[in-house]
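Just below is one structure, and these are the notes that go with it.
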Amino acid sequence: MYQTSDIKKGLKIEMDGKPWTVTEFQFVKPGKGCAFTRTKLKNLLSGNVIDRTFKTGEKLEEADVENATMQFLYKDHEAFHCMDTDTYEQVGIPAKAIGKQSDYLVEEMEVEVLFYKGAPVSIEVPNFVELEITYCEPGIKGNTATGSVKPATMSTGATVNVPLFVENGTWIKIDTRTGAYVERVRR
Amino acid sequence: MNADGLRKRALVLRAVRTWFADHGYLEVPTPSLVPSPAMEEHLYALAADDGWLRTSPEFSLKCVMAAGLGRIYEIGPCWRAREQGPWHGTEFLMLEWYRAGAELVNLMDEVKSLVQVAFEAVGRPAPTPWRRTTVRDLFIEHTGIDLRTASAVDLSSQDDDWDEAFFRRWITEVEPKLQGSTIVEDWPASQAALAQIRDDQPWPVAKRFEVYIDGIELANAFFELIDTQAQSQLFDAANKARLLMGETPHPVDYELIAAVGKMPRTSGIAMGLDRLVAAACGWPSIDPGRVRRTSRRLPPEPAR
């Protein structure tokens with residue numbers, strides 16, 4: 001069991017039969033009232049975010065979750081398959097639990113697999129990934145005007161807005177949290 | 001350490017002290033180490049030596065008021081355990097002032113003037129106009145609930161008593177909406193603390209008000225209780241509540257109880273000075289104005 005004073009970013013709790021992680025929190029205490037901790041909680045299965053306020057003294061249940069660093073192998077209709085590179089054990093994460101993350105998954109990439117009650121439930125890709133552009137309009141040399149962008153299709157099928165000077169076939173770095181282009185990279 | 005923040009805090013402090021001098025207030029420093037740290041059950045104090053670190057200078061300043069001084073104020077450190085966050089620190093700077101013969105409306109005028117002076121000290125305009133409203137009206141406005149008839153269950157789906165349910169809704173749905181400068185009156189009688197109760201309203205409310213600037217609670221004002229018996233009963237009730245929560249009761253401050261009976265009609269107000277500085281400077285927390293110390297070992301200085 002956790003106390004409200006244990007609440008911090010990344011704390012994983014069990015509530016209403018689901019696992020949640022704390023994404024934001026703030027201590028609030030009215031001068032003449034009891035103390036609370038306001039939180040934003042992300043559902044680890046669905047990704048839904050809710051607001052929840054805990055009263056000081058409330059007990060929070062620990063979520064039975066574990067992280068493992070694994071290598072992404074391949075996907076099929078039902079699942080995304082990953083392997084533990086030490087034990088060679090393979091697990092399949094249900095495809096419907098992956099969502100937007102699949103935009104950034106390339107074979108042999110190292111990912112964090114989340115296990116809930118022993119079962120693999122989701123994948124977390126690194127904050128930054130490098131992907132190859134498989135299609136975009138030809139680059140306009142020297143056009144470094146900020147704000148002007150064009151859509152580019154990645155090897156994974158994802159679409160990322162890139163600056164006008166970027167050429168087809170270029171490798172770029174992407175921030176997976178926002179889906180934003182960061183910079184060109186040499187490969 | 002934020003040098004600019006500390007300079008701005010000094011400007012506000014100087015302006016505040018000048019304001020009090022100009023308005024006939026006497027600065028009275030009272031002890032930080034006290035025999036009883038607080039009455040209210042939601043305040044947690046730090047024990048020190050054979051006494052306590054004060055959670056507010058209220059008890060001491062009331063003893064001074066009972067001695068016949070008409071207008072007094074104090075700026076000094078106070079300590080509240082288990083309170084840390086962007087707007088809370090275990091140690092913080094409190095400003096309290098007491099004025100004999102004053103009604104709450106007099107203190108409202110003083111607050112407006114003082115806030116104006118604090119903002120001017122750092123070269124920013126204070127948010128105006130001021131809005132004056134009641135807790136009940138704000139609840140109807142932001143939640144659609146009438147506090148006069150609402151039960152704890154109407155207010156919250158959690159395991160809360162009425163006051164807890166009230167505050168859960170207050171901090172999530174009402175307080176964040178209080179943009180600009182707001183004076184909020186007529187708090188539920190169950191949250192009277194050391195204020196008198198008003199019985200001329202449709203529901204029992206305390207004669208006190210709170211001051212908010214852009215959603216931040218800045219000050220609490222009271223038409224002070226001057227009934228020794230009621231004061232004594234409040235102390236007992238708060239200590240009973242403490243025992244129920246598994247906490248240690250606080251010593252009863254008998255000197256305060258005697259002083260309350262000798263006080264004239266008085267209005268008093270407590271303002272978080274770190275918050276006043278942060279509001280005046282437009283900061284997102286009280287941190288830029290504070291000096292923080294750590295017991296952590298520091299990394300070695302790079303070789304020169």
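Reminder, nothing fancy here: chain letters follow the sequence lines and each chain counts from 1. Just so it is clear, the structure is predicted and the values come from calculations on it, not from any experiment.
Of the listed residues (B:Glu41, B:Glu40, B:His88), the greatest number of heavy-atom pairs within a distance under 4.5 Å of chain A belongs to B:His88. Residue with the most contacts toward chain B among A:Thr56, A:Val28, A:Asp51, A:Thr37: A:Val28 (heavy-atom pairs, distance under 4.5 Å). With respect to chain A, the highest number of heavy-atom pairs below 4.5 Å among B:Gln84, B:Arg80, B:Gln191 belongs to B:Gln84.
Here the closest heavy-atom approach between residue B:His42 and residue A:Gly33 is recorded as CB-O, 3.4 Å. In this structure, A:Phe27 and B:Arg82 approach most closely via the heavy-atom pair CZ-O, 3.4 Å. Between B:Trp87 and A:Gln26, the closest heavy-atom pair is CD1-NE2, 3.5 Å.
A heavy-atom distance below 4.5 Å is found between the side chains of B:Gln158 and A:Arg52. Residues B:Pro176 and A:Arg38 meet the side-chain proximity criterion, which asks for heavy atoms closer than 4.5 Å.
With a 4.5 angstrom heavy-atom cutoff, B:Arg208 touches chain A only via side-chain atoms. Proximity to chain A (any heavy atom under 4.5 Å) is restricted, for B:Asn220, to the side chain, taken from C-beta onward. Of the two parts of B:Glu210, only the side chain, counted from C-beta on, holds a non-hydrogen atom closer than 4.5 Å to a non-hydrogen atom of chain A. Contacts between B:Glu83 and chain A at a heavy-atom distance below 4.5 Å involve backbone atoms as well as side-chain atoms.
One N or O on the side chain of B:Glu217 and one on the backbone of A:Gly31 form a donor-acceptor pair closer than 3.5 Å. Looking at A:Lys55, its side chain does come within 3.5 Å of a backbone N or O of B:Asp159 through a donor-acceptor pair.
Salt bridge annotation for B:Arg168-A:Glu58: present, with a cationic side-chain nitrogen under 4.0 angstrom from a carboxylate oxygen.
In this structure, A:Glu110 places its CD atom where only 12 or fewer heavy-atom neighbours from other residues, nucleotides or ligands lie under 6.0 Å away. Other residues, nucleotides and ligands contribute only 12 or fewer heavy atoms inside 6.0 Å of the CD atom of A:Glu66. Within 6.0 Å of the NZ atom in B:Lys240, the count of heavy atoms belonging to other residues, nucleotides or ligands does not exceed 12. Other residues, nucleotides and ligands place no more than 12 heavy atoms under 6.0 Å from the CD atom of A:Glu78. Residue-environment remark: NZ (A:Lys150) exceeds the threshold of 12 foreign heavy atoms within 6.0 Å.
To the nearest 0.5 Å, the span separating SG on A:Cys34 from CE on B:Met245 amounts to 9.0 Å. Interatomic distance, CH2 of B:Trp170 versus NZ of A:Lys32, reported as 14.5 Å (0.5 Å rounding).
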For A:Thr53 and B:Arg169: C-alpha separation, side-chain torsions, deciding distance, then whether side-chain contact (heavy atoms from CB on, under 4.5 Å) applies.
CA-CA 10 Å; A:Thr53 300; B:Arg169 297 296 285 260; over 6 Å; no
